[in-house]
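Written out below as structure tokens is the structure these notes cover.
Atoms within each ligand, like the ligands themselves, are counted from 1 in listed order. When a residue number appears, it is its place in the shown sequence, counting from 1. Keep in mind that this is a model prediction, so the values were computed, not measured.
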Amino acid sequence: MFRLPVSGLAVVLRQPTGIEDVLLLEAPGCDTTLALRLVSRLASCIDGSVTDWGALTVTDLDVLLLRLRQRVFGDVIRTDVPCPVKDCGARIDVSFRIEDFLAHHAPRRPRGVDVTEESGWFRLREQGILFRLPSSADQAAVAGLAQPERELIRRCVRPAELSARWLKRVEGAMDALAPSFSHLQGECLECRARLDIDFDVQQFVLRELRDQAAFLYQDVHLLARYYHWAEEKILELPRYRRSHYADRLLQERRQY
Ligand SMILES: [Zn+2]
């Protein structure tokens with residue numbers, strides 16, 4: 001059990017089965033829509049209160065994915081990105097612990113921001129500007145639009161027409177209340193540049209899960225062939241158990 005940082009909800013996750021693997025493999029893209037479909041299958045709220053995961057903030061959805069990643073693959077994320085400095089392009093190794101990453105991005109209520117009577121809405125006290133935190137459903141809805149940020153502002157800020165200065169204040173308040181996980185700090189060992197690296201939690205975790213899901217076809221084939229289990233029964237097994245059986249069969253086959 002763990003708590004989501006923004007909503008405070010207590011949540012449990014179950015391990016993915018072959019049914020989620022099929023979902024990952026057949027989805028058109030590793031995006032918010034897929035993240036929501038996956039989470040709504042694997043997560044449950046301890047008090048049973050959440051049925052619409054799309055209403056959660058993007059921060060909470062990202063945390064659900066990171067917690068899922070932690071359970072399936074462990075706490076340490078290792079990846080590498082190309083150095084963006086012109087004429088460098090060296091691969092930069094990035095490695096961090098999910099637990100530390102989450103602790104570093106704990107939400108806080110900034111000064112001058114009040115909660116309003118309207119559920120989910122806040123007010124910048126001095127300017128009287130109202131805003132709410134973008135939900136995962138908002139993010140899914142604006143993805144692919146020509147100006148996704150403008151549409152998010154139209155949905156989440158009142159009035160939506162603001163000067164760049166006030167908009168920056170609203171965005172700063174949103175980021176404090178629901179921190180974004182989209183940046184990592186790194187250093188290029190080649191050119192010594194200190195870098196702010198873009199990191200897309202949803203894409204990263206969904207791709208990792210999808211890559212692992214690709215073993216599904218081989219697993220189903222082996223278990224159906226040697227144990228004569230039906231496909232639907234195999235799909236219901238947790239992924240780790242299905243892989244154990246399949247590995248045993250592969251080992252045995254190698255011995256003969
Ligand atoms: Zn570099």
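For the pair Ile98 and Gly74, the tightest heavy-atom approach, listed with the atom from each and the gap, is CD1-O, 4.0 Å.
Any protein N/O/S atom under 2.8 Å from the Zn ion (ligand 1) was counted, giving 4 altogether.
No donor-acceptor contact under 3.5 angstrom links the side chains of Asp31 and Gln202, judged on distance only.
Residue pairs meeting the side-chain hydrogen bond (donor to acceptor under 3.5 Å, both in side chains) criterion with at least one partner in residues 158-169, sequence neighbours excluded, are Glu118-Arg158. Counting only residues at least two apart or on different chains, the side-chain hydrogen bond (donor to acceptor under 3.5 Å, both in side chains) pairs with a member in residues 215-238 are Asp219-Arg242.
Residues satisfying the side-chain hydrogen bond (donor to acceptor under 3.5 Å, both in side chains) criterion with Arg248, sequence neighbours excluded, are absent altogether.
Counting heavy atoms from C-beta on, the side chains of Ser135 and Gln139 never come closer than 4.5 Å.
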